[in-house]
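Heads up, the thing below is written out as structure tokens.
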Amino acid sequence: MKVEKKRTTSSDIEIKEVYTTHSNMNELPGEFPFTRGIQKDMYRGKPWTMRQYAGFSTAEESNKRYHYLLRQGTTGLSVAFDLPTQIGYDSDHELSEGEVGKVGVAIDSLKDIEVLFDGIALKEITTSMTINATAPILLAMYIALAKKQGANLLELSGTIQNDILKEYVARGTYIYPPGPSMRLITDVFEYCSKEVPKWNTISISGYHIREAGSTAVQELAFTLSNGKAYLKAALGKGLDINVFAKRISFFFNCHNNFFEEIAKFRAARRMWANITKQMGATDPSAQKLRFHTQTGGSTLTAQQPTNNIVRVSNQALAAVLGGTQSLHTNGFDEAISLPSEAAAKIALRTQQIIAFETGVTDTVDPLAGSYFIEALTNEIENAAQLYINKIDSMGGAVKAIELGFMQQEIATSAYQYQREIENGDRILVGVNNFLQKEEVQNISYKVNDLIRIIQTEKLNELKQTRDNNKVSIALRQLKTAANGTENIMPYILKAVEVYATVGEIADTLREVFGEYMG
């Protein structure tokens with residue numbers, strides 16, 4: 001008699017042949033612990049925000065893509081920044097060579113932000129900015145432009161990623177040591193709660209943890225552990241959890257295991273509601289986990305790239321059935337190059353078809369009550385909680401990161417995943433099965449290496465035309481504030497408004513905080 005091979009999720013949770021019971025009968029959408037969604041009507045009220053991630057080359061080129069996406073019906077912008085901008089170097093810095101405009105748009109000063117959003121009214125759209133170590137600087141530039149446009153800052157809305165802990169774990173675009181980095185983050189919390197109260201001051205990211213090779217359970221556990229660390233840091237600063245927790249959001253990945261991803265999102269809401277409640281949140285709005293989803297970049301294949309359209313569609317549908325608040329769908333050609341306009345349009349149309357043609361938005365949490373979904377939600381929660389308990393016993397996320405615990409767990413999972421592909425235990429269509437003779441793929445979009453020269457020329461012109469005395473004064477005041485205990489954000493904003501550059505501001509803080517060497 002043939003013994004059937006054990007079936008498991010990506011997190012090694014065993015999947016039974018059939019499920020017959022579940023225990024979550026009494027939970028309702030919009031009510032604690034929000035397993036079934038954070039609003040009572042969810043997408044019956046309005047669809048999720050269709051927020052396509054874009055940014056490359058110069059501000060001028062990215063601005064053209066934003067206008068294109070807006071014409072195609074995208075309902076929110078999402079900005080990708082190049083590596084020098086992410087780690088606080090201007091385009092003319094020697095370490096920027098070869099990287100300017102490559103993985104995102106090059107931003108050196110407020111001048112670039114003015115061009116990036118030319119013709120776009122910031123008061124009428126929400127913008128997400130994927131930036132961390134230099135998040136306070138880029139947020140200050142966005143605020144400065146909104147002020148110039150005459151926007152009411154009390155109504156300005158959007159999200160800044162501002163999640164430095166996952167940089168130490170999975171991504172590496174940190175600048176300062178953990179202590180000063182956490183100070184910058186909580187300064188943003190405090191500043192925005194007063195000046196820009198509708199701004200989401202952090203998007204705690206599991207996305208990059210998953211891209212680094214974690215399982216779904218690890219993504220959930222490590223992300224929520226980082227979230228607990230941010231809550232503790234803000235509470236330690238004397239901030240009110242019922243105020244600042246309302247502006248915390250999350251950023252999750254969505255991979256190929258359809259039901260596991262849906263259950264992960266449902267478990268995440270329930271777990272965060274209990275975490276915030278245990279830490280003192282009494283306002284339901286401060287207990288709700290709101291999240292953006294991006295389909296899995298690491299699941300895209302260069303082989304038979306049009307297969308990625310199907311992968312992205314399934315991942316997007318899982319995110320919607322899991323109750324996401326906003327969604328980015330990857331272009332099918334992104335394993336080869338930056339997405340072409342055609343690929344970006346297909347990615348957006350994928351969301352629009354799900355929203356307006358499938359009927360999945362007609363009722364809230366349509367998979368609730370599924371024996372399998374409810375059981376899997378519970379199992380993912382239990383498995384993630386074991387990780388969180390272990391991290392708590394180490395002293396919390398910062399300590400676990402310093403000890404290398406999260407990094408090692410992710411590395412082990414990534415190695416196991418790759419072994420499964422190489423052994424044929426995990427099938428990837430077009431990669432290790434269902435192969436075909438490959439046609440040569442045309443590179444859809446390549447950033448011109450002359451971008452650095454263009455940006456350097458703009459920087460030189462800026463420094464000749466701005467009031468350099470005002471810049472010097474603003475940077476001195478920023479340094480004094482960084483050496484003290486004042487909130488740093490107002491001083492960063494002053495520096496930005498007199499056209500100090502990203503590199504000049506980051507270097508001023510480097511002088512005070514030092515650099516983290518890992």
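For the numbers below, each heavy atom of this structure counts, side chains included, while hydrogens, waters and symmetry mates do not.
- Between the side chain of Q86 and the main chain of F81, a donor-acceptor pair closer than 3.5 Å is present.
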**OP:** Could you give me the CA-CA distance, side-chain angles and deciding distance for E219 and S214, then say whether side chain to side chain donor-acceptor pair (under 3.5 Å) is met?
**Re:** CA-CA 6 Å; E219 177 192 1; S214 80; 5.3 Å; no

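- Not one N or O on the side chain of E61 forms a donor-acceptor pair closer than 3.5 Å with the backbone of T58.
- Heavy atoms of other residues, nucleotides or ligands lying less than 6.0 angstrom from NZ of K470 number 12 at most.
- The cationic atom of K102 (NZ for Lys, CZ for Arg) does not lie both less than 6.0 Å from the six-membered ring centre of F56 and within 45° of the ring axis.
- Of the possible polar contacts, none joining the Q407 side chain to the V169 backbone as a donor-acceptor pair under 3.5 Å is found.
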Subject >> I401/N226 under side-chain contact (heavy atoms from CB on, under 4.5 Å): CA gap, chis, key distance, verdict >> reply: CA-CA 10 Å; I401 291 166; N226 288 346; 4.0 Å; yes

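- Atoms CD1 and OG1, on I248 and T159 in that order, are 12.0 Å from each other to the nearest 0.5 Å.
- Counting only N and O atoms by type, the side chains of E486 and Y491 include a donor and acceptor under 3.5 Å apart.
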**OP:** Could you go through the salt bridge (Lys or Arg N to Asp or Glu O under 4.0 Å) check for K46 and D41 one step at a time?
**Re:** CA-CA 9 Å; K46 65 175 182 177; D41 61 351; over 6 Å; no

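- Ring-centre distance between F250 and W272: below the 6.0 Å cut-off.
- Considering every non-hydrogen atom in both A482 and I488, the closest pair reads CA-CD1, 4.1 Å.
- The distance from the CD1 atom of I107 to the CD1 atom of I113 is 4.0 Å, given to the nearest 0.5 Å.
- More than 12 non-hydrogen atoms from other residues, nucleotides or ligands lie less than 6.0 angstrom from NZ of K237.
- Atom CD1 in I202 sits 5.0 Å away from atom CG in N162 (nearest 0.5 Å).
- Between atom CG of residue L459 and atom CG of residue D92 there is a gap of 5.0 Å, rounded to the nearest 0.5 Å.
- Under 4.0 Å is where a charged nitrogen must lie from a carboxylate oxygen, and between K246 and D283 at least one such pair does.
- Salt-bridge annotation for E461 and K458: absent, with no side-chain N of the basic residue lying under 4.0 Å from a carboxylate O of the acidic one.
- Within the 4.5 Å cutoff, side-chain heavy atoms of R247 are placed close to those of T201.
- Using modelled atom types and a 3.5 Å distance limit, the side chains of S249 and N200 yield no donor-acceptor pair.
- Between the side chains of T282 and N242, at least one donor-acceptor pair of N or O atoms lies under 3.5 Å.
- N378 has its side chain within reach of R270: a pair of non-hydrogen atoms, C-beta onward, lies under 4.5 Å apart.
- A donor-acceptor pair shorter than 3.5 Å cannot be found between the side chains of T377 and E381.
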Subject >> Chi angles and distances behind the side-chain contact (heavy atoms from CB on, under 4.5 Å) call for L139, L493 >> reply: CA-CA 9 Å; L139 174 58; L493 182 58; over 6 Å; no

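- Formation of a donor-acceptor pair under 3.5 Å by the Q52 side chain with backbone atoms of M50 is not found in this model.
- Y207 contributes atom OH, which lies 5.0 Å from atom CG of N253 (distance to the nearest 0.5 angstrom).
- Geometrically, K390 does not engage Y387 in a cation-pi contact, judged by NZ or CZ lying under 6.0 Å from the ring centre and within 45° of the ring axis.
- In this structure, a donor-acceptor pair under 3.5 Å is absent between the side chains of Q294 and Q315.
- Side-chain atoms of S91 and R452 form no donor-acceptor pair, as typed in the model, at a separation below 3.5 Å.
- A side-chain donor from one of T501 and D90 sits under 3.5 Å from a side-chain acceptor of the other.
- Within a 6.0 Å radius of CD in E511, more than 12 heavy atoms belonging to other residues, nucleotides or ligands are found.
- Using a 4.5 Å heavy-atom threshold, the side chains of L156 and W199 count as touching.
- T508 has its side chain out of reach of Q477: every pair of non-hydrogen atoms, C-beta onward, lies at least 4.5 Å apart.
- E155 has no carboxylate O lying under 4.0 Å from a charged side-chain N of K123, or vice versa, which leaves the two without a salt bridge.
- A donor atom on one side chain and an acceptor atom on the other are not found under 3.5 Å apart for Y66 and T74.
- Panel note: side chain S62, backbone A59; no donor-acceptor pair is recorded below 3.5 Å.
- Of the inter-residue distances, the one linking N483 atom CG with T480 atom OG1 reads 7.0 Å to the nearest 0.5 angstrom.
- The aromatic rings of F265 and F252 lie tilted to each other, with the angle between the two planes from 30° to 60°.
- D163 and Y230 share a donor-acceptor pair across their side chains, judged by distance under 3.5 Å alone.
- In this model, no donor atom of one side chain and acceptor atom of the other lie less than 3.5 Å apart for T49 and S326.
- Looking at heavy atoms from C-beta onward, R269 lies out of side-chain contact with T35 at the 4.5 angstrom threshold.
- The shortest side-chain heavy-atom distance between K288 and P33 does not fall under the 4.5 Å cut-off.
- In this structure, a donor-acceptor pair under 3.5 Å is present between the side chains of S413 and Q218.
- Using a 4.5 Å heavy-atom threshold, the side chains of E515 and Y176 count as separate.
- Listed for the D82 side chain is a donor-acceptor partner under 3.5 Å among the backbone atoms of T85.
- Of the N and O atoms on the side chains of H93 and S96, not one donor lies less than 3.5 Å from an acceptor on the other residue.
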**OP:** Output, in order, the C-alpha distance, side-chain angles, deciding distance and verdict of side-chain contact (heavy atoms from CB on, under 4.5 Å) for I38 and L289.
**Re:** CA-CA 7 Å; I38 61 170; L289 182 145; 5.6 Å; no

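- A donor and an acceptor atom, one from each side chain of S298 and E211, are located under 3.5 Å apart.
- In this structure, F251 and H292 have tilted ring planes: the angle between them lies in the 30° to 60° band.
- Residues R466 and N468 bring a donor and an acceptor atom of their side chains to less than 3.5 Å of each other.
- Counting heavy atoms from C-beta outward, V79 and Y53 have side chains that stay 4.5 Å or more apart.
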Subject >> D365 vs R266, side-chain contact (heavy atoms from CB on, under 4.5 Å): CA-CA, chis, key distance, verdict >> reply: CA-CA 9 Å; D365 194 19; R266 299 174 88 250; 2.9 Å; yes

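- A distance-only check finds no donor-acceptor pair linking the side chain of R36 to the backbone of L28 [under 3.5 Å].
- Every pair passing side chain to side chain donor-acceptor pair (under 3.5 Å) that includes a residue from residues 126-144 is listed here, sequence neighbours excluded: R51-T126, T127-Y142, N132-Q161, N132-K166, N132-E167.
- Put simply, the side chain of T186 gets close to the backbone of M182: a donor and an acceptor are under 3.5 Å apart.
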